[in-house]
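The structure appears below as structure tokens.
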2 protein chains.
Amino acid sequence: MAAPKDPRPCSIADALALVGEKYSLLVLREVCLGNGRFDQLVRNIGAPRDVLAARLRRLVDGGILTKRVYSERPQRFEYRPTPAGLELEPLLMLLKEWGDRHLRADDDRPMVVEHICGNELVPVVTCAACGDEVRHEDLTAHPQAPGWTLSGPAAA
Amino acid sequence: MAAPKDPRPCSIADALALVGEKYSLLVLREVCLGNGRFDQLVRNIGAPRDVLAARLRRLVDGGILTKRVYSERPQRFEYRPTPAGLELEPLLMLLKEWGDRHLRADDDRPMVVEHICGNELVPVVTCAACGDEVRHEDLTAHPQAPGWTLSGPAAA
DNA sequence: GCCGTGAGTTGGAAATTCAAACCCTCTTCT
DNA sequence: AGAAGAGGGTTTGAATTTCCAACTCACGGC
């Protein structure tokens, strides 16, 4: 199909199509914290029950969450992150840290996360190859597929 | 008001309220690539023009983007990331890498990003204090505000 | 029996999204 | 001069989604 006027092929867009809908990442937050039951999710996230049900279905068959029975008779379920889901947790930590820094007063942090090293977690994105912190100026994008147009070294 | 049945106070939720709407992070992707003009954004993202206009307004007054004039007569504008916006770019890189890994075939990568160190960028989230990669098992959450309930060391 | 809990589903009103068309201000082509 | 873009949106109306409250179904406890 890929007709003219097709948006770019892009893994960021693909990832967002799966986890970028309203509430999806909050579901993941809760599930990573161990709060994987339907009513907990409703309460903690504040999402309408029907929307939440739809998100859970989507996340389960997107391979982010699994639904497991924690009680037969009465049958009760719990959602848990898959390995792929857990791999998104650092991204949540980053979002949290960004939010703490830009959207809140210094003394108003609803949650603090501790790293196993004993310090408060301050997540930083680094380059796996050289270990340096990743910063915008140090990146160069190389499109590999059609559909991409970069504004070359344009105006400063 | 914080009545009963209020969702948690949370920086992740706050951050998502600002950049978590549909298309917002794609706008940031484009703007970080230097494609900051309205029509470029429409084409590259594939968003309806009115929705895009709304997102741009929101991102501008959320302090993520600035709108600047790149030509008087005819008056033309361009959107660019603010420092706060640029700080979200590593997060986009992470999303991209996650998407490449989980949502695509190995040989189908629409874009590759090169780090200044000369290698392909593989972003990793590390702890600023100890430098180790951040993994779920190494984290402990400490709620600081009311509204939080953690399922203690619950069922394995 | 009657109430409560967990995990959803249903129904209808309200808010958003989508797509295409339209508008305005220039600039360029002929 | 007149016609035809380009760029940056706004308008309009229909198609989707969201929201919210109420309802269901299956137990378990009192």
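All chains are named by letter (A, B, ...) in the order of the sequence lines, taking the proteins before the strands, and each is independently numbered beginning at 1.
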For the side chain of Pro74(A), starting at C-beta, report the closest nucleotide among dC19(D), dG8(C), dG28(D). dG28(D)
Euclidean distance, atom CD of residue Glu78(A) to atom P of dA7(C) [Å, nearest integer]: 9 Å
Is there a side-chain contact between Lys67(A) and the phosphate of dG6(C), meaning an N or O under 4.0 Å from OP1 or OP2? no
The answer to which of Val51(B) and Arg57(A) contacts DNA chain C further toward the 5' end, by nearest nucleotide, is Arg57(A)
Within the 4.0 Å heavy-atom criterion, would you say Arg73(A) contacts the bases, only the backbone, or no part of the nucleic acid? sugar-phosphate
Under 4.0 Å: is that the gap between some side-chain N or O of Lys22(A) and OP1 or OP2 of dC19(D)? yes
5'-most contact on DNA chain D (nearest-nucleotide basis), Ala47(A) vs Phe77(B), goes to Phe77(B)
Distance criterion of 3.5 Å, no angle test: do you see the side chain of Asp39(B) paired donor-to-acceptor with the base of dA6(D)? no
Length of the CD-P vector between Glu21(A) and dT16(D), whole Å: 16 Å
Between the base of dG8(D) and the side chain of Arg49(B), is there a donor-acceptor distance below 3.5 Å? yes
Closest heavy-atom contact between Arg8(A) and Thr149(A)? NH2-O, 3.0 Å
To the nearest Å, how far apart are Asp50(A) CG and dA7(C) C1'? 13 Å
Output yes when at least one side-chain N/O atom of Tyr79(B) is less than 4.0 Å from OP1 or OP2 of dG7(D), else no. no
Checking side-chain polar atoms at under 3.5 Å, does Ser24(A) have a donor or acceptor matched by the opposite partner on Arg58(A)? no
Whole-Å distance separating the CZ atom of Arg76(A) from the C1' atom of dG8(C): 11 Å
Quick one, Glu30(B) and Gln40(B) - any side-chain contact, counting heavy atoms below 4.5 Å? no
Return the value, rounded to whole Å, for the distance between atom CD of Glu72(B) and atom P of dT25(C). 16 Å
Is any side-chain heavy atom of Leu56(B) closer than 4.5 Å to a side-chain heavy atom of Tyr79(B)? yes
Gln40(A) CD to dG6(C) P, straight-line distance once rounded to whole Å: 9 Å
Taking NZ, NE, NH1 and NH2 as the nitrogens, is one of them in Arg101(B) or Glu87(A) under 4.0 Å from a carboxylate oxygen of the other? yes
In whole angstrom, give the distance that lies between atom CG of Leu56(A) and atom C1' of dG6(C). 14 Å
If I take atom CG in residue Asn44(A) and atom P in nucleotide dG6(C), what distance separates them, rounded to the nearest angstrom? 13 Å
Any side-chain N or O of Tyr70(B) under 4.0 Å from OP1/OP2 of dG8(D)? yes
NA contact type, Phe38(A), heavy-atom cut-off 4.0 Å: base, sugar-phosphate, or nothing? base
Looking at Arg55(B), I'd like to know whether one of its side-chain N or O atoms comes within less than 4.0 Å of OP1 or OP2 on dT17(C). yes
